[in-house]
Amino acid sequence: MKNRQHRKKKKLNFSKFRVLYFFSYLKTLACGGMIQSVTLWYVPWNYHEPQMGTYDFFGGKDLQYFLQLANDTGLLVILRAGPYICAEWDMGGLPAWLLEKKSIVLRSSDSDYLEAVERWMGVLLPKMRPYLYQNGGPIIMVQVENEYGSYFACDYNYLRFLLKLFRLHLGDEVVLFTTDGASQFHLKCGALQGLYATVDFAPGANVTAAFLAQRSSEPKGPLVNSEFYTGWLDHWGHHHSVVPAQTIAKTLNEILASGANVNLYMFIGGTNFAYWNGANMPYMPQPTSYDYDAPLSEAGDLTEKYFALRKVIGMYKQLPEGLTPPTTPKFAYGKVRLQKAGTVLEVLDGLSRSGPVRSTYPLTFVELKQYFGYVLYRTTLPKNCVEPTPLSSPLNGVHDRAYVSVDGVPQGVLERDKSLKINITGQAGANLDILVENMGRVNFGRYNNDFKGLVSNLTLAQDVLVGWEIYPLDIDGAVNYDIIYLLHHPKRSAIKELSYEVPTFYTGTLSIPGGIPDLPQDTYVNFPGWTKGQIWINGFNLGRYWPARGPQLTLYVPRNVLVASAPNNITVLELEHSPCSTQACEIEFVDEPNINATLQHETDKPPLFVRELWMGHL
Ligand SMILES: *[C@@H]1O[C@H](CO)[C@@H](O)[C@H](O)[C@H]1NC(C)=O
Ligand SMILES: *[C@@H]1O[C@H](CO)[C@@H](O)[C@H](O)[C@H]1NC(C)=O
Ligand SMILES: *[C@@H]1O[C@H](CO)[C@@H](O)[C@H](O)[C@H]1NC(C)=O
Ligand SMILES: *[C@@H]1O[C@H](CO)[C@@H](O)[C@H](O)[C@H]1NC(C)=O
Ligand SMILES: *[C@@H]1O[C@H](CO)[C@@H](O)[C@H](O)[C@H]1NC(C)=O
Ligand SMILES: *[C@@H]1O[C@H](CO)[C@@H](O)[C@H](O)[C@H]1NC(C)=O
């Protein structure tokens with residue numbers, strides 16, 4: 001959204017955009033513990049420096065506004081300032097433009113990496129300094145890096161560089177700390193003299209052993225579990241994670257009984273709006289919901305788990321008097337009819353104002369300087385493919401999913417690690433269009449250098465395809481500037497009627513009913529009969545939907561994206577198959593989430609939670 005608009009709204013207390021900021025940051029900023037009314041806030045570097053040297057702290061990204069709000073409400077803040085934050089956030093918060101140097105070693109003493117970190121911290125940390133506790137603000141501690149002991153580089157010079165940089169900008173008084181898996185193995189490369197070492201571990205862990213590990217690095221000082229997992233994350237195509245309240249309550253009790261400090265990760269569930277989700281390896285992107293089975297849900301609702309943990313905390317600390325704030329009401333606005341507005345190919349000129357980049361071989365997103373969303377790769381068929389002819393990505397270089405058509409006729413889907421070959425047909429000279437979706441960059445481990453787009457050559461039968469026209473697509477811009485709506489204008493007659501099966505935009509409006517007090521309220525949008533895509537409401541990118549894979553079926557819609565005074569504009573980009581040719585062309589607004597559906601197609605064997613195994617989290 002446009003910064004100018006945000007700045008104008010800055011004076012309004014809790015304007016629409018601010019509340020959105022709050023929601024978009026629930027995941028990263030408000031996941032903290034509650035015993036001392038402290039929150040642990042994460043700062044995603046890529047959220048605030050979207051292009052190298054371009055900084056964004058406006059509107060939904062106004063970190064100082066939130067620090068002020070915390071201070072005004074008496075909330076203390078622990079800041080995870082990065083550079084790397086993990087958080088199941090795209091590339092763990094590192095900006096994709098770092099990959100412009102192909103061989104960069106992230107999170108190490110690589111000179112280009114350090115230079116970028118130094119510049120960024122030179123912008124971020126001076127803004128934080130007035131909010132340090134000793135300067136009258138809410139920030140009591142600042143975390144440096146995150147779980148660095150789990151990263152292969154083990155570069156003490158890098159940690160020393162960060163320590164020096166943080167001290168330079170924040171002074172000598174503030175407590176700087178690190179977080180690592182609770183074992184000497186993890187602390188070996190994650191802890192550094194001068195940074196207070198804390199640990200993280202899951203319910204069910206041996207609390208005594210975990211804190212003994214911390215003691216190996218910190219013989220004195222507070223015991224701290226800085227990420228105590230109240231639930232767990234999800235991946236598309238795997239079952240929804242649930243961690244029983246009793247398991248968490250039991251370990252929480254042990255932690256508190258040992259006199260230790262604990263941060264509940266997550267305390268409130270969150271949402272990966274737009275394209276912000278990360279992924280784990282082997283490539284498994286996380287869904288839009290980051291509910292996490294946390295004590296407060298994605299919508300901030302009270303759960304049984306909340307009350308179970310509150311009871312444990314009440315054994316050690318006097319609970320605040322008065323009533324618990326109630327769960328917010330949800331509203332089922334019902335069905336909304338959508339109409340086909342046009343295919344991606346039909347609106348291509350509006351989506352790609354700059355036009356195509358020509359290249360013999362495919363270029364990656366980073367080479368195009370487009371970091372998120374979708375890019376269209378076009379070439380022509382070099383020969384007649386009358387018989388089904390294999391189009392393949394021999395080096396598994398479709399990152400991450402490609403929707404393939406020939407002269408507007410859909411051919412199938414290629415997918416990283418899952419579908420490396422499809423058959424296509426078409427005449428020599430026909431346009432071969434490949435819309436490639438970036439489904440989220442790996443946020444953990446050595447695979448952070450996650451290039452997107454066609455990252456290796458495609459072959460048609462034996463031949464390497466060449467002569468590409470590559471269209472960077474600004475779909476969010478097009479949605480915001482009404483380019484997709486222009487298609488309703490009569491010029492369309494010149495356009496050939498195409499199948500519903502190629503990536504297509506649908507639009508519709510939701511009117512909030514009159515005569516009911518306190519509308520709009522939160523809601524959830526359901527996609528009956530739809531397959532996979534992206535949805536915007538009033539230009540706000542709510543995220544990806546993929547009911548065909550699950551487990552998430554509904555997307556959370558905070559009331560703040562809705563207006564009661566005018567119809568709400570809905571844009572859906574369906575990538576594979578809409579219900580519109582056979583069933584009702586509708587989406588539905590319901591009053592309950594469904595993020596735990598039975599999977600239609602379980603994509604793999606039982607989930608290989610490499611990360612959990614490695615970290616000993618579960
Ligand atoms: C934060 O709150 C404290 C205590 O209410 C107050 O003394 C201080 O001036 C506030 N700081 C800022 C930056 O508003
Ligand atoms: C937990 O760890 C401690 C310290 O290593 C050990 O003495 C104890 O036996 C462990 N408890 C369990 C139940 O394994
Ligand atoms: C492609 O077509 C060939 C020949 O018809 C067939 O044997 C093969 O199974 C098909 N491959 C795929 C991936 O559909
Ligand atoms: C495609 O193949 C050519 C010729 O072998 C090679 O020079 C080029 O680097 C490859 N491109 C990619 C993106 O792999
Ligand atoms: C919906 O789109 C129309 C037409 O472009 C625009 O005039 C209107 O302001 C939009 N409504 C909202 C709530 O943004
Ligand atoms: C999903 O969660 C709801 C509410 O907890 C529960 O009733 C339902 O059985 C769950 N469904 C599946 C498929 O696990």
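Both counts, for ligands and for their atoms, begin at 1 and track the order of listing. We use all heavy atoms of the structure for the numbers below, so side chains are in, but hydrogens, waters and symmetry mates are not. Note that this is a predicted model, so its numbers are computed, not measured.
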Quick one: which ligand 2 atoms are inside 4.0 Å of a heavy atom on Ala209?
-> 2 (O), 5 (O)
Just jot down the salt bridge (charged side-chain N to carboxylate O under 4.0 Å, His left out) partners of Asp400, sequence neighbours excluded, or say none.
-> Arg416, Lys452
Taking the six-membered ring of Tyr47 (Phe, Tyr or Trp), confirm whether the NZ or CZ of Lys61 is under 6.0 Å from its centre and within 45° of its axis.
-> yes
Ignoring angles and geometry beyond distance, decide whether Asn596 reaches within less than 3.5 Å of ligand 6 through its nitrogen or oxygen atoms.
-> yes
Does the N or O separation between Asn206 and ligand 2 drop below 3.5 Å for any pair?
-> yes
Interatomic spacing from CZ in Arg401 to CD in Glu576 - rounded to 0.5 Å = 4.5 Å
For Ala210, side-chain contact (heavy atoms from CB on, under 4.5 Å) partners two or more places apart | Ala182, Phe201
Does Glu254 CD have over 12 foreign heavy atoms under 6.0 Å away?
-> yes
Under the salt bridge (charged side-chain N to carboxylate O under 4.0 Å, His left out) test, residues paired with Asp234 that sit two or more places apart = none
Report the distance from atom OG1 of Thr554 to atom CD of Glu588, rounding to the nearest 0.5 Å.
-> 11.0 Å
Report every pair formed by an N or O atom of ligand 1 and a protein N or O atom separated by less than 3.5 Å, giving atom names and the distance to 0.1 Å.
{"from": "ligand 1", "atom 1": "2 (O)", "to": "Asn71", "atom 2": "OD1", "distance (Å)": "3.3"}
{"from": "ligand 1", "atom 1": "2 (O)", "to": "Asn71", "atom 2": "ND2", "distance (Å)": "2.4"}
{"from": "ligand 1", "atom 1": "11 (N)", "to": "Asn71", "atom 2": "ND2", "distance (Å)": "2.7"}
{"from": "ligand 1", "atom 1": "11 (N)", "to": "Gly136", "atom 2": "O", "distance (Å)": "2.7"}
{"from": "ligand 1", "atom 1": "14 (O)", "to": "Gln68", "atom 2": "NE2", "distance (Å)": "2.9"}
{"from": "ligand 1", "atom 1": "14 (O)", "to": "Asn71", "atom 2": "ND2", "distance (Å)": "3.2"}

